[in-house]
Amino acid sequence: MNPIPPRDRRPQRIAVLPGDGIGKDVAAEAWKVLEAAAERFALPLELRRFDWDADRYLATGETMPAGALDEFRDHYSAIFMGAFGDPRVPDMKHAADILLGTRFGLDLYVNLRPVKLYDARLCPLKGKREQDVDFVVFRENTEGAYVGLGGNFKKHTADEVAVQEELHTRKGVDRILRAAFAWAVEHGKPRVCMADKSNVMRYAHDLWQRSFAAVAAEYPQIEAQHMFVDALAMQMVRAPEQFQVIVTNNMFGDILSDVGAALQGGLGVAPSANLHPGRTSMFEPVHGSAPKHAGSGRANPVGAVLSVVLMLQELGHAEAAGEVEAVVARSLREGQTTPDLGGRLTTTQVGDLLAQALLRQDSPVGRG
Ligand SMILES: NC(=O)c1ccc[n+]([C@@H]2O[C@H](COP(=O)([O-])OP(=O)(O)OC[C@H]3O[C@@H](n4cnc5c(N)ncnc54)[C@H](O)[C@@H]3O)[C@@H](O)[C@H]2O)c1
């Protein structure tokens, strides 16, 4: 979506934050593949690694240095993250500061999660083909139920009361809806489906309804469809082929996109982008830090590598993005995978295979 043009041949600086657990494992492979793509296509990329993880937080008490987000916004073209979360930090302080801090601090209001099935054998649904599972979820990323509004009254007593409020602004709803419609136009998709629960959430989701009608009117060439989120969840597993673009609020998008991840082969293959079109954006696999698999070689790096594809697209390197996606698709079709997908390769072996295929220039796109 509105890629930042590669401004002449000046380096595009990319901040890489591997994070914790398998975040480190998959980020190392994403880095490898990105370097191979940069070499193959002579991309002016400059990668810098930032080890802001649980170890550092536990040792120093610091999550992210002051001014880090300003530095990213002003001097970096993109940010890549592995995953955050460590059992030694039960309140998730460093993860919240770094991950949510980046999403909110850089106002990355679009959480884009493509759901694409590269090999029919990876889909848990009966009889679905690759072309039946190919849609994107636009999740509002800065508002809704995740803004932390609320509190406890009489906490830890039998009379405890907990209140957690949702926040939706007209500006915030308008801009995520517009991003979804604009993406549909740009990618030749005929329909956008908005999911809410306006039959029950009479105030907040009524705002979504009114905003949807107004934004849809700006895009008469796109069919505007609405479903209540419960019906949509059922349809996603019954007949996913009917969807091309789904747009929804923060919490519903979080849940629906994990259902989507299952349709495409599981958390190990699901990528995401956190975008503010035209500004420094952040890219990360959907999965978490899966501490029990850390360093075991069992982590699937494909979700991270497909997040690199989204990053390359956003940075204006469409050809390189297409090539990386093509080598990933081929490796999945050939069963060259980690154990979560039934293969026998380690995390590093999958990364090596993808990087080598790019460098040999015999990848599918290269052969025409
Ligand atoms: N964006 C993020 O950084 C993020 C997202 C979700 C969870 N988390 C954090 O990660 C930690 C672990 O959370 P969780 O166990 O609920 O979720 P998780 O995604 O880390 O792992 C759940 C399970 O999914 C499988 N899995 C996930 N990614 C995989 C991969 N790349 N390859 C193979 N299998 C994979 C594993 O079996 C794993 O046990 C927690 O601290 C949680 O808060 C972080």
Side-chain angles (χ1 to χ4, degrees), residues 15-33 50-55 57-58 63-64 79-104 106 108 111-113 118 122 124 137 139 141 146 250-251 253-274 281-308 310 328 331-332 336-351 354:
V16 178
L17 283 66
D20 304 309
I22 65 165
K24 293 186 201 306
D25 305 347
V26 299
E29 304 315 311
W31 180 299
K32 198 183 279 173
V33 170
F50 295 84
D51 289 311
W52 300 338
D53 56 6
D55 286 336
Y57 171 60
L58 289 167
T63 56
M64 226 176 170
I79 304 162
F80 180 90
M81 292 194 187
F84 289 88
D86 186 297
R88 294 170 299 164
V89 188
D91 65 359
M92 299 281 292
K93 167 78 177 138
H94 72 300
D97 270 18
I98 298 171
L99 198 60
L100 300 181
T102 300
R103 285 185 191 160
F104 284 90
L106 296 184
L108 305 178
N111 190 213
L112 176 69
R113 295 190 175 186
Y118 290 97
L122 300 178
V137 178
R139 164 188 170 192
N141 215 20
Y146 292 2
N250 206 338
M251 183 194 268
D254 192 5
I255 299 165
L256 291 177
S257 53
D258 272 25
V259 178
L263 298 181
Q264 66 187 134
L267 280 174
V269 298
S272 79
N274 298 268
S281 293
M282 190 267 275
F283 304 81
E284 53 170 346
V286 169
H287 62 78
S289 58
K292 72 177 179 215
H293 294 312
S296 70
R298 296 180 70 82
N300 190 342
V302 163
V305 173
L306 289 174
S307 305
V308 162
L310 297 175
V328 169
S331 74
L332 294 175
Q336 306 266 40
T337 64
T338 44
D340 55 309
L341 300 183
R344 295 207 188 123
L345 301 185
T346 64
T347 314
T348 311
Q349 285 170 331
V350 172
L354 299 175

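Counting starts at 1 for both ligands and their atoms, in listed order. Just so it is clear, the values below take in all heavy atoms, side chains as well, and ignore hydrogens, waters and symmetry mates. Along the sequence shown, the residues carry numbers beginning at 1.
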Could you find the nearest protein heavy atom to [atom] and give me its residue, atom name and distance?
atom	result
atom 20 (O) of ligand 1	Ala290 N, 2.8 Å
atom 11 (C) of ligand 1	Ser289 OG, 3.2 Å
atom 37 (O) of ligand 1	His293 NE2, 3.4 Å
atom 24 (O) of ligand 1	Leu267 CD1, 3.8 Å
atom 41 (O) of ligand 1	Gly85 CA, 3.4 Å
atom 9 (C) of ligand 1	Phe84 O, 3.2 Å
atom 32 (N) of ligand 1	Asn300 N, 2.8 Å
atom 27 (C) of ligand 1	His287 CB, 3.7 Å

Charged N-O contact under 4.0 Å between Asp55 and Arg88: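 Salt bridge between Asp55 and Arg88, a charged N being under 4.0 Å from a carboxylate O: yes.
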
Salt bridge Arg139-Asp254, side-chain N to carboxylate O under 4.0 Å: yes

Numbered atoms and elements of ligand 1 in range of [X], under 4.0 angstrom, heavy atoms:
X	value
Met92	41 (O), 43 (O)
Ala83	3 (O)
Glu284	1 (N)
Asp340	33 (C)
Pro291	12 (C)

Heavy-atom check, side chain of Asp25 versus side chain of His293, under 4.5 Å: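 Heavy-atom side-chain distance check fails, nothing below 4.5 Å.
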
Min side-chain heavy-atom separation Ile79-Leu106 under 4.5 Å: yes

Looking at [atom], would you say a protein heavy atom lies below 4.0 Å from it?
atom	value
atom 39 (O) of ligand 1	yes
atom 16 (O) of ligand 1	no
atom 35 (C) of ligand 1	no

Met81 vs Asn274, side-chain contact (heavy atoms from CB on, under 4.5 Å): CA-CA, chis, key distance, verdict: CA-CA 11 Å; Met81 292 194 187; Asn274 298 268; over 6 Å; no

Non-hydrogen atoms of Gly85 and Ser289 that approach each other most closely: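 Minimum heavy-atom contact is O-OG, 2.7 Å.
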
Partner of Glu29 by side-chain contact (heavy atoms from CB on, under 4.5 Å), out of Thr348, Asn300, Val308: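 Testing Glu29 for a side-chain contact (heavy atoms from CB on, under 4.5 Å) against Thr348, Asn300, Val308 leaves exactly one candidate, Thr348.
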
So is [X] touching ligand 1 or not, going by heavy atoms under 4.0 Å?
X	answer
Lys292	yes
Ala299	yes
Pro285	no

Region of Pro301 engaging ligand 1 - heavy atom pairs below 4.0 Å: neither

Between CG on residue Asp86 and CE on residue Met92, distance to nearest 0.5 Å: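 So the CG of Asp86 and the CE of Met92 are separated by 9.5 Å.
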
Value rounded to 0.5 Å, distance of NE2 in His287 from OG in Ser272: 9.5 Å

Parallel, tilted or perpendicular: rings of His94 and Phe84 (30°, 60°): perpendicular

Close N or O approach (Val286, ligand 1; < 3.5 Å): no

Contact check: Arg103 vs ligand 1, nitrogen or oxygen atoms, below 3.5 angstrom: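 By distance alone, the answer is no.
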
Between [X] (side chain) and [Y] (backbone), is there a donor-acceptor pair under 3.5 Å?
X	Y	result
Asp53	Asp20	no
Thr346	Gly297	no
Ser307	Pro271	no

Gly268, Gly303, Gly288: member with heavy atom nearest to atom 7 (C) of ligand 1: Gly288

Selected option - heavy-atom contact closest to atom 1 (N) of ligand 1, from Asp25, Ile22, Thr337, Leu99: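 Shortest heavy-atom distance from atom 1 (N) of ligand 1: Leu99.
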
side-chain contact (heavy atoms from CB on, under 4.5 Å) evaluation trace for Leu306 with Tyr118: CA-CA 12 Å; Leu306 289 174; Tyr118 290 97; 3.8 Å; yes

